[in-house]
*Asks:* 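One structure, as structure tokens, below. Some questions next.
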Amino acid sequence: MSPAAAKKAPSAKTTASKAAAAPSGLPKEKLLAMFREMLLIRRFEEKAGQLYGMGLIGGFCHLYIGQEAVVTGIQSAAKAGDAVITTYRDHAHMLACGMDPKGIMAELTGRIGGFSKGKGGSMHMFSVEKQFFGGHGIVGANVPLGTGLAFAQKYKNTGHITMTYFGDGAANQGQVYESFNMASLWQLPVIYIIENNEYAMGTSTKRHAANTELYKRGEAFGIPGVQVNGMNVLEVYEGAKKVIEHVRSGKGPYLMEVKTYRYRGHSMSDPAKYRTKEEVEDYKENRDPITTFRKYLEAEGIAGDAAFKKIEDEVKAIVNAAAEFAKESPEPEPTELWTDVLS
Amino acid sequence: MPTMTVREALRDAMAEEMRRDEDVFVMGEEVAEYQGAYKVTQGLLQEFGPARVVDTPITEYGFAGLGVGAAMGGLKPVVEFMTFNFAMQAIDHIVNSAAKTNYMSGGQMRCPIVFRGPNGSASRVGAQHSQNYAPWYASVPGLLVIAPYDSADAKGLLKAAIRSPDPVVFLENELLYGQSFDVPEGEHVVEIGKARVHREGKDVTIVSYAIGVGLALEAANILAADGISCEVIDLRTLRPLDEAAVLASLKKTNRLVVVEEGWPVCSIASEIIAIAMEKGFDDLDAPVLRVTNKDVPLPYAHNLEKAAVVKAADVVAAVKSII
């Protein structure tokens with residue numbers, strides 16, 4: 001942070017976290033639950049990709065593969081009842097909120113068993129029960145919505161906070177800064193999470209952001225920011241824990257930039273010609289969040305081959321059951337066309 | 001029956017609903033300490049305090065979205081736009097975020113929010129501050145769109161709008177704010193979606209809404225002196241539109257004129273004509289006419305502005321041309 005910026009925004013402290021993953025002190029069950037969550041997201045998304053290839057999923061389908069540590073780390077640090085809102089790359093957030101994989105997959109296939117009865121699709125699902133508020137298709141528009149959820153939490157004094165996820169591309173929308181201003185002005189309990197996967201669709205961060213240190217973008221509004229390594233779930237968890245504590249204690253909003261990488265294209269139709277194969281391979285081979293975490297768990301003696309095999313089998317069964325349900329659940333009745341327009 | 005201005009009626013509607021339900025709050029530019037740019041929120045800050053009467057920065061896209069999020073989170077926001085011209089900055093949240101919540105969630109979520117503020121031409125404020133957005137919002141499934149004329153409907157419909165579980169676009173009119181009309185005493189809630197017959201007649205039906213109703217009534221008075229009996233229908237709600245009321249009156253008079261303070265192309269008037277063609281064709285003895293503003297951006301010069309905005313004489317001429 002420049003001295004000038006520090007003067008203007010004395011409460012904004014921005015830091016790039018360089019802490020390597022230290023032994024976390026987390027219980028074994030929690031660590032394995034985090035591993036399982038990431039694996040569930042990976043396998044779910046792979047299955048969604050397959051179903052898309054088979055023509056069972058239509059339109060847009062944005063996969064989260066490569067980014068699993070981000071939502072897993074943050075939601076592992078959140079409390080039940082905290083609100084979550086995100087953009088269109090949303091399947092993982094729903095899984096991390098505890099929404100039933102069957103209902104998510106069936107929404108992808110446009111069936112009545114989906115969370116929105118097949119009327120929302122990949123980008124539009126909600127669960128009032130799990131406090132998941134979508135799933136929004138207009139880039140950046142979920143940011144003021146999340147700010148409003150936090151406004152309601154403060155108004156009703158619920159003690160809960162809102163995780164507002166968006167991408168590096170959305171970070172350039174004007175309404176993001178309108179939201180930052182109001183959230184800071186009114187000290188709203190909202191965490192802005194920029195999942196920086198290096199590409200806004202096909203435009204790299206360097207080509208779309210005048211300053212690529214996105215965690216500093218709250219400085220002008222007095223919003224502290226932190227950058228964490230999104231390829232390491234424990235680093236994300238530790239970062240999120242501090243940020244959540246800050247926000248829950250009533251100190252106002254916080255900005256987290258989580259550096260991550262998506263392996264697949266922006267959506268299914270994207271051949272990703274704007275980046276090199278070597279770059280993608282480097283992430284997959286050397287920085288994969290699931291492989292990294294597995295190695296850590298092995299090195300710490302927390303789990304071995306048998307335990308991982310068991311988790312892999314469980315996850316596979318869940319995903320296969322979700323896919324079966326999504327294929328077998330019927331399409332919505334034609335009368336559903338006219339329901340849910342008005343109350 | 002006591003009389004009050006439209007401005008006071010709107011204020012009373014908000015105050016009564018805020019007393020009734022703690023989840024109702026008002027936000028917008030200058031709604032609190034300034035007491036409303038047009039004084040519609042006068043006194044609310046003093047009664048309900050700054051947590052429920054919230055001055056926002058000039059940030060329409062942001063606070064419209066924040067309001068929608070607050071509605072998703074269980075509150076009942078009344079979001080004031082200083083004028084609906086500024087809501088152009090926020091229309092994405094009205095259409096994409098608010099109107100589609102119920103449908104996109106398969107009926108799981110609601111968005112109980114009211115977007116309100118003055119709409120249409122004022123006086124000498126130029127092209128960017130003088131536009132009627134009724135046809136824009138009325139084209140969107142998932143919204144309720146209301147545009148009252150007098151104080152009783154302003155109060156009763158705003159109360160109904162605040163209680164509605166669906167998102168409402170509530171279009172007021174700056175030139176009507178200071179006009180006084182009767183308002184029933186006590187609790188007064190008007191059902192959304194019902195037109196009102198302001199004046200019964202037998203020769204021709206004049207359909208209008210908002211400030212156009214005043215012009216229609218003025219024209220009906222002039223025409224009465226010539227022995228022409230006009231029925232004046234105030235649509236009040238533009239979505240859903242009370243087709244039955246329009247068609248019933250058409251059946252009776254067999255002639256229809258639509259008066260609209262707004263542009264003619266793709267207007268509410270166009271929609272009424274389509275309804276008459278599709279569902280009332282056999283009742284028509286003459287073409288349905290649109291009496292609207294001229295199809296130009298609103299000019300500033302006094303004489304040009306007068307020429308551009310619809311007036312009672314235009315209505316009189318239109319009616320005479322089909323009788």
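If you're wondering where the values come from, they're calculated on a predicted model, not measured in any experiment. A, B, ... follow the sequence lines: proteins, then strands. Residue 1 opens every chain.
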*Asks:* Rounded to the nearest 0.5 Å, what's the gap from CG on B:Asp55 to CG on A:Leu185? Could you check?
*Replies:*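 Result: 10.0 Å between the selected atoms.
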
*Asks:* Evaluate the side-chain proximity of A:Ile138 to B:His93: yes if any heavy-atom separation is below 4.5 Å, no if none is.
*Replies:*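 No - every pair of side-chain heavy atoms lies 4.5 Å or more apart.
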
*Asks:* When you check the side-chain N and O atoms of B:Tyr61 and A:Gln175, is any donor under 3.5 Å from an acceptor?
*Replies:*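 Yes, a side-chain donor-acceptor pair sits under 3.5 Å.
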
*Asks:* As an exercise, state the distance from CG of B:Asn96 to NE2 of A:His136, rounded to the nearest 0.5 Å.
*Replies:*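 B:Asn96 atom CG to A:His136 atom NE2 measures 10.5 Å (nearest 0.5 Å).
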
*Asks:* Mind running side-chain contact (heavy atoms from CB on, under 4.5 Å) on B:Gln108 and A:Ser127 for me, showing each step along the way?
*Replies:* CA-CA 7 Å; B:Gln108 210 189 132; A:Ser127 169; 4.2 Å; yes

*Asks:* Examine whether an atom of B:Gln89 lies under 4.5 Å from a heavy atom of chain A, and if so say whether it belongs to the side chain, the backbone or both; otherwise answer neither.
*Replies:*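 For B:Gln89, neither part sits under 4.5 Å from chain A.
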
*Asks:* Tell me whether A:Glu333 at atom CD has more than 12 heavy atoms from other residues, nucleotides or ligands lying less than 6.0 Å away.
*Replies:*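 No, CD of A:Glu333 has 12 or fewer neighbouring heavy atoms, counting only those of other groups under 6.0 Å.
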
*Asks:* Excluding sequence neighbours, so at least two apart, what forms side-chain contact (heavy atoms from CB on, under 4.5 Å) with A:Ala171?
*Replies:*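 Listed in chain order: A:Phe166, A:Tyr177, A:Ile194, A:Arg217.
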
*Asks:* Give me the contact list for residues 336-343 of chain A versus chain B, heavy atoms only, anything under 4.5 Å, ordered by residue number.
*Replies:*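 Near chain B, by residue number: A:Glu336, A:Leu337, A:Thr339, A:Asp340, A:Val341, A:Leu342, A:Ser343.
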
*Asks:* Checking A:Lys154 against chain B: side chain, backbone, both or neither under 4.5 Å from a heavy atom?
*Replies:*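 Neither the backbone nor the side chain of A:Lys154 comes within 4.5 Å of chain B.
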
*Asks:* For the residue pair A:His124 and B:Ser105, establish whether any side-chain heavy-atom pair is separated by less than 4.5 Å.
*Replies:*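 The answer is no, as the side chains (C-beta and beyond) never meet within the 4.5 Å cut-off.
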
*Asks:* Counting heavy-atom pairs under 4.5 Å to chain B, which of A:Met125, A:Gln131, A:Glu129, A:Lys119 comes out on top?
*Replies:*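 Most pairs with chain B among the choices: A:Lys119.
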
*Asks:* Within a reach of under 6.0 Å around CD of B:Glu33, are more than 12 heavy atoms found that belong to other residues, nucleotides or ligands?
*Replies:*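 Not more than 12 within 6.0 Å, no.
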
*Asks:* Could you tell me which non-hydrogen atom of A:Ala152 sits nearest to which non-hydrogen atom of B:Gly73, and how far apart they are?
*Replies:*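 That closest heavy-atom pairing would be CB-O, 3.8 Å.
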
*Asks:* Could you tell me whether A:Phe60 atom CZ has more than 12 heavy atoms of other residues or ligands within 6.0 Å of it?
*Replies:*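 Result for CZ/A:Phe60: open.
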
*Asks:* Would you say that B:Thr56 contacts A:Trp186 through its side chain, given a criterion of any heavy-atom pair below 4.5 Å between the two side chains?
*Replies:*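 They are in contact (side-chain heavy atoms under 4.5 Å apart), so the answer is yes.
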
*Asks:* Drop me the distance from A:Leu145's CG to B:Leu66's CG, to the nearest 0.5 angstrom.
*Replies:*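 Answer for the CG-CG pair, A:Leu145 versus B:Leu66, is 9.0 Å.
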
*Asks:* Closest approach of B:Asp23 and A:Tyr155, non-hydrogen atoms and distance?
*Replies:*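 Nearest pair, atom of B:Asp23 first, then A:Tyr155: C-OH, 4.1 Å.
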
*Asks:* Counting heavy-atom pairs under 4.5 Å to chain A, which of B:Met104, B:Arg110, B:Met109 comes out on top?
*Replies:*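 Option with the top pair count is B:Met104.
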
*Asks:* B:Ser97 versus chain A, heavy atoms under 4.5 Å apart: side chain, backbone, both or neither?
*Replies:*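 Only the side chain of B:Ser97 comes within 4.5 Å of chain A.
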
*Asks:* Which bit of A:Ala83 is near chain B, if near means a heavy-atom gap under 4.5 Å: side chain, backbone, both or neither?
*Replies:*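 No part of it gets close to chain B.
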
*Asks:* More than 12 heavy atoms of other residues, nucleotides or ligands under 6.0 Å from CD of B:Gln128: is that the case?
*Replies:*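 Not more than 12 within 6.0 Å, no.
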
*Asks:* If you count every heavy atom of other residues, nucleotides or ligands that lies below 6.0 Å from A:Glu324 atom CD, does the total exceed 12?
*Replies:*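 More than 12 within 6.0 Å, yes.
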
*Asks:* Between B:Phe63 and A:Phe151 (judged by ring centroids, cut-off 6.0 Å), do the two rings come close enough to count as a pair?
*Replies:*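 No, they do not, as the ring centres are separated by 6.0 Å or more.
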
*Asks:* What heavy-atom pair brings B:Gly62 and A:Pro144 nearest, and what distance separates the two atoms?
*Replies:*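 What the structure gives for the nearest pair is O-CB, 3.6 Å.
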
*Asks:* Pick whichever of B:Pro141, B:Gly65, B:Pro57 has the most heavy-atom pairs under 4.5 Å with chain A.
*Replies:*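 Ranked by contacts with chain A, first place is B:Gly65.
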
